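Small disclaimer: the values here were computed from a predicted structure and weren't measured.
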Amino acid sequence: MRIFKFGGASVKDAEGVRNLLSVLNETGHSKTLIVISAMGKTTNAIEQVIDNYFNNKAALRSSIQDVRKFHNAILLDLFENENHNIFKAISTLFDELTAFFDRNKSPDYNYVYDQTIGFGELVSTTIVSAYLNEMGLKNAWIDVREFIKTDNYYRRANVDWEKTQSLISKNFKQNNLNITQGFLGSDSNNFTTTLGREGSDYTAAIFAYCLNADSVTIWKDVPGVLNADPRYFENAQLLHKISYREAIELAFYGASVIHPKTLQPLQRKEIPLYVKSFLNPKNPGTAVAKGQGLEPEIPCFILKKDQVLISLSSLDFSYIVEENISEIFNLLHLYKMKVDVIQNSAISFSVCFDNGYKNLEKLLQHLKAKFKVTCYENVSLYTIRHYDNAAIDQLEKGKIVLLKQLTQETMQMVTK
């Protein structure tokens with residue numbers, strides 16, 4: 001069994017869906033499970049719908065209609081017969097999305113988010129499945145929520161591996177071609193959960209682990225894993241081979257091509273991961289596997305924007321010791337801050353984190369009761385793996401450096 005994952009950029013329009021068919025015709029599709037993300041920027045559009053639900057009810061219906069129109073345009077391009085069943089199927093999904101907002105009573109943003117954000121994946125996979133069937137490529141559409149079980153930590157759910165393995169082993173039919181959604185799961189009450197943004201890669205890895213797949217291929221709009229994001233760095237180069245360990249390091253520090261959780265289940269069963277271009281499917285791309293090192297051996301640059309840096313010091317100039325650090329981390333955990341860098345001295349402690357759950361003000365109120373606090377918002381975190389002096393000098397040029405930290409293989413720097 002092979003696992004293919006196609007991201008939103010690969011199915012952003014009708015031409016992308018046609019290209020997906022071309023990729024399958026070129027690579028073969030026997031014994032293949034395809035994991036598909038929402039089309040284009042649909043996830044962002046539904047996030048706006050959710051924001052309108054909480055903050056601008058007057059705009060709710062029109063924002064849902066915008067998402068509906070986007071997908072309807074793709075349908076009209078793909079299917080000549082406007083009476084095709086797919087039009088009704090997609091309309092029904094959007095009716096369900098609207099109905100949820102009409103009946104929902106929960107004030108919990110994270111719960112509402114997870115019950116609605118996944119409609120992007122449900123719609124995209126329904127469209128792709130119908131189109132492939134129309135073109136003679138018979139496939140089975142499956143609801144991923146019936147197979148991947150999680151806890152109810154909404155927006156970043158943890159997989160229940162025992163239940164998930166059991167469900168996939170007993171109920172997943174290894175047909176020639178299956179299509180399912182990335183990013184989604186369900187909890188013990190069958191409420192929808194999500195695995196975190198970019199979690200579709202993780203979905204592919206979960207199925208690969210449970211099915212003992214031969215390989216996972218992530219199809220991207222880039223040639224493979226690059227040593228830098230070309231949107232922010234010039235002269236990005238292709239990495240031909242990466243070891244699991246190195247890929248996990250890059251993912252941990254925020255490399256956007258591979259989701260941080262994706263590699264761990266693959267490594268445990270030594271399932272190779274390939275990152276290839278859906279525009280040039282014959283090109284080799286990047287291979288991630290056991291013991292392949294890094295080829296070529298060059299510095300790798302990673303940027304995380306919109307971070308928060310706080311620097312703490314004791315009010316009475318006493319030492320920042322284990323008790324203080326433990327309290328700080330308990331608060332970071334309480335307010336769901338994803339920590340990226342820490343640095344401490346005798347009387348100070350600095351931490352850079354992602355304020356994904358928008359709890360910064362509550363955290364600061366807690367911290368200011370005990371510490372002197374300096375807070376910098378909207379800072380950038382740069383990481384260089386396998387740095388050299390030239391790479392550091394290039395990165396520092398023209399920036400205000402708030403924090404800098406070097407280990408044997410990694411340099412991290414927070415800048416304004």
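Residues Asn104 and Tyr53 have side chains that bring a donor and an acceptor to within less than 3.5 angstrom of each other. Side-chain contact check for Ser63 and Gln48: no donor-acceptor pair (N or O, by modelled atom type) lies under 3.5 Å. Side chains of Ser348 and Ser345: a donor on one and an acceptor on the other come within 3.5 Å. Between the side chains of Gln343 and Ser350, not a single donor N or O lies within less than 3.5 Å of an accepting N or O. In this structure, a donor-acceptor pair under 3.5 Å is present between the side chains of Arg2 and Thr32. No side-chain donor from either of Tyr244 and Gln264 sits under 3.5 Å from a side-chain acceptor of the other. Side-chain contact annotation: Asn19 with Glu15, donor-acceptor N/O pair under 3.5 Å absent.
In this structure, Glu297 does not pair ionically with Arg385, as no charged nitrogen and carboxylate oxygen lie closer than 4.0 Å. Using a cutoff of 4.0 Å between basic side-chain nitrogens and carboxylate oxygens, Asp340 and Lys338 are scored as salt-bridged. The pair Lys372-Asp316 does not count as a salt bridge, with every side-chain nitrogen at least 4.0 angstrom from each carboxylate oxygen.
Rounding to the nearest 0.5 Å gives a distance of 6.5 Å between CG of Asn212 and CD1 of Ile271.
Between Phe54 and Tyr109, a ring centre-to-centre spacing shorter than 6.0 Å is recorded. Aromatic rings of Phe191 and Tyr111 (six-membered ring for Trp) have centroids within the 6.0 Å cut-off, being under it. Here the two rings, on Phe94 and Phe119, have centers that are 6.0 Å apart or farther. Here Tyr335 and His366 bring their ring centres to under 6.0 angstrom of each other.
Lys138 NZ: more than 12 foreign heavy atoms inside a 6.0 Å radius. Heavy-atom contacts from other residues, nucleotides or ligands closer than 6.0 Å to NZ of Lys12 number 12 or fewer. The 12-atom threshold is not exceeded at NZ of Lys173, counting heavy atoms of other residues, nucleotides or ligands nearer than 6.0 Å. Heavy atoms of other residues, nucleotides or ligands lying less than 6.0 angstrom from NZ of Lys163 number 12 at most. The environment of OH in Tyr319 is sparse: at most 12 heavy-atom neighbours from other residues, nucleotides or ligands sit within 6.0 Å. Atom NZ of Lys399 has more than 12 heavy atoms from other residues, nucleotides or ligands within 6.0 Å. Around atom CG of Asn389, no more than 12 heavy atoms belonging to other residues, nucleotides or ligands sit under 6.0 Å away. Atom CD of Glu162 has 12 or fewer neighbouring heavy atoms from other residues, nucleotides or ligands inside a 6.0 Å radius.
Ala391 approaches Phe301 most closely through the heavy-atom pair CB-CZ, 3.7 Å. Listed here is the closest heavy atom pair of Gly120 and Thr42: CA-CG2, 3.8 Å. When every heavy atom of Val351 is checked against every heavy atom of Ile342, the shortest pair comes out as CG2-CG2, 3.8 Å. A pairwise comparison of heavy atoms in Lys304 and Gly254 identifies CE-CA, 4.1 Å as the closest pair. In terms of heavy atoms, Tyr209 sits closest to Lys269 at O-NZ, 2.8 Å. Minimum interatomic distance between Gly285 and Leu238 (heavy atoms only, all atoms of both residues): O-CD2, 4.2 Å.
Listed for the Gln165 side chain is a donor-acceptor partner under 3.5 Å among the backbone atoms of Cys210.
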Checklist line | side-chain contact (heavy atoms from CB on, under 4.5 Å) between Ile142 and Phe147, intermediate numbers included | finding: CA-CA 9 Å; Ile142 63 175; Phe147 293 92; 4.2 Å; yes
Margin query: Please determine whether side chain to side chain donor-acceptor pair (under 3.5 Å) holds for the pair Thr193 and Thr150, giving the CA-CA distance in whole Å, both sets of side-chain angles, and the decisive distance to 0.1 Å.
Written below: CA-CA 7 Å; Thr193 57; Thr150 72; 2.8 Å; yes
Notebook entry, point to check: Could you walk me through whether Phe172 and Phe207 pass the ring-ring contact (aromatic ring centres under 6.0 Å, His included) check?
Noted result: CA-CA 10 Å; Phe172 184 85; Phe207 273 101; 5.8 Å; yes
Notebook entry, point to check: Could you go step by step and tell me if Tyr253 and Leu381 meet the side-chain contact (heavy atoms from CB on, under 4.5 Å) rule?
Noted result: CA-CA 10 Å; Tyr253 288 113; Leu381 170 62; over 6 Å; no
Next item on the list: List the steps and the verdict of side-chain contact (heavy atoms from CB on, under 4.5 Å) for Glu396 and Lys404.
Entry: CA-CA 10 Å; Glu396 286 185 341; Lys404 183 176 176 181; 2.5 Å; yes
Next item on the list: Please test Ser380 against Leu303 for side-chain contact (heavy atoms from CB on, under 4.5 Å), starting from the C-alpha separation and ending with a verdict.
Entry: CA-CA 7 Å; Ser380 295; Leu303 169 62; 3.8 Å; yes
Next item on the list: Walk me through it: do Trp219 and Ser277 pass the test side chain to side chain donor-acceptor pair (under 3.5 Å)?
Entry: CA-CA 6 Å; Trp219 296 96; Ser277 168; over 6 Å; no
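Screening Thr192, Thr194, Asp187, Asp108 for a side chain to side chain donor-acceptor pair (under 3.5 Å) with Tyr154, the sole residue that qualifies is Asp187. The only option from Arg145, Glu146, Lys149 that meets the side chain to side chain donor-acceptor pair (under 3.5 Å) definition with Asn190 turns out to be Lys149.
Judged by a 6.0 Å distance limit and a 45° cone about the ring axis, Lys336 is positioned over the six-membered ring of Tyr153.
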